[in-house]
Amino acid sequence: MAIFALTVLPILTFEYIILTIKYNVLRRIIAFKYNKVTLRTVFIVFKYSATAAFRSSGQDWMIYSLAAADDSRDSIKMRTTLYCFSLLIFLHSWASRPSYAQNRVHQLARDVYYWSGDLSKHEQTNVGFVIFPDYVFVIDANFPWAAEKIIADIKTITPKPIRFVFNTHYHADHTLGNSVFSAHGAAIVSTENLALELGTKGMEDVREQTKIKLEHLELPSIRFHDRLVFDDGQHRVELIKYGPAHTKGDGVAYLPAEGIVFVGDLAVNWGFGNNLSDQDVRYIGWIRALDNIAQLPIKTVVPAHGDLGDVDLLRRQRDFIADMWKQVKQGLKAGNSPAELKKTVQLTQHGIFVRDPRETEGMIESMCERAQTQPDWNSGNADPE
Ligand SMILES: [Zn+2]
């Protein structure tokens, strides 16, 4: 950190000033120092010191963005943008550096744990793991920079190999870490629909969530249609498909003996909203999925984002989505515009799900955009009201 501050920052600042000087004469006088070799050297030194700084402050996600940047970009604008962006992130990460080692592993039952996600570190997904007699079974892969931490944390608890990683749905914060787990010998497991979605929409979601451009995504190699069970007599994990709901291929991991269910994004328990905008979202399917999961004998619900809950969390999540869907659908039928509905749809009674008014407006907007292509409110075999 100190090396970064004392060496690279002044160089970057100096270069930035030079790059932005408007006077051509002065720029020409100084420019000879800034030939390609100098720039490349600065870039490499910057990359290494910034990597160390980000690692020491726990902001590992920035390392991936840095690794994706290359020094052959000749455009001054590109370099300036990269430097300014990195500088800001560095200052942010320095200011938010952890003051103590955070324990992110929480035990739920014998041999059953979850690793808590953290949005401030861009690793927001809660990741479950079950220690079978011969291997470790992981639920959701998080991002690659988090996957490395998760693997290290699992190794502090058990020397058993991580053999399987289940993805609850295809979004990047649940699947991008697949490549790290498979490099450690794990096979990726999912519903058939998830594998199809990851293959077709996965890259776009990676770009949206991380700005990283990738050539390759690690697709699940073990795929099931409705249900797949891991049971060795000591532990039982049932993987059950509930999509189309939040996405087409949603699945949950249910542990009947412990009464624990890992629900992915079918239910969240934080104030940053739900992602209601997947192109294959099915609101009615989502409401029914939550109704059906709530029928299982459950003590603990582990949402992919936010704190633990119980069956009440599933019911509140269901009521929130059902209420919004009803108001949006009725509002659109009455001729209201999405802009009007953002102001008139009344959801304040839904507590944590609507803590952030801007997120709530975004959710209403997503619903309005998708309303035309969704099954009507009272279609199908049961009215979810
Ligand atoms: Zn998510």
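Counting starts at 1 for both ligands and their atoms, in listed order. Being a predicted model, the structure only gives us computed values, none of them experimental.
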| said: Looking only at the side chains, is there a donor atom on one of Gln327 and Asp323 sitting less than 3.5 Å from an acceptor on the other? | reply: yes
| Asp278 and its side chain to side chain donor-acceptor pair (under 3.5 Å) partner, picked from His246, His169, Lys201 | Lys201
| message | Taking 2.8 Å as the limit, list every protein N, O or S atom around the Zn ion (ligand 1), by chain and residue number. | response | Asp173 OD2, His174 NE2, Asp265 OD2, His305 NE2
| query | Can you find a side-chain donor-acceptor pair between Thr156 and Asp153 that sits under 3.5 Å? | reply | no
| query | Considering only heavy atoms from C-beta outward, does the side chain of Phe166 approach that of Val237 to under 4.5 Å? | reply | no
| Would Lys299 and Glu258 pass as an ion pair if we require N to O under 4.0 Å? | no
| query | Between Asn274 and Gln317, is any side-chain donor less than 3.5 angstrom from a side-chain acceptor? | reply | yes
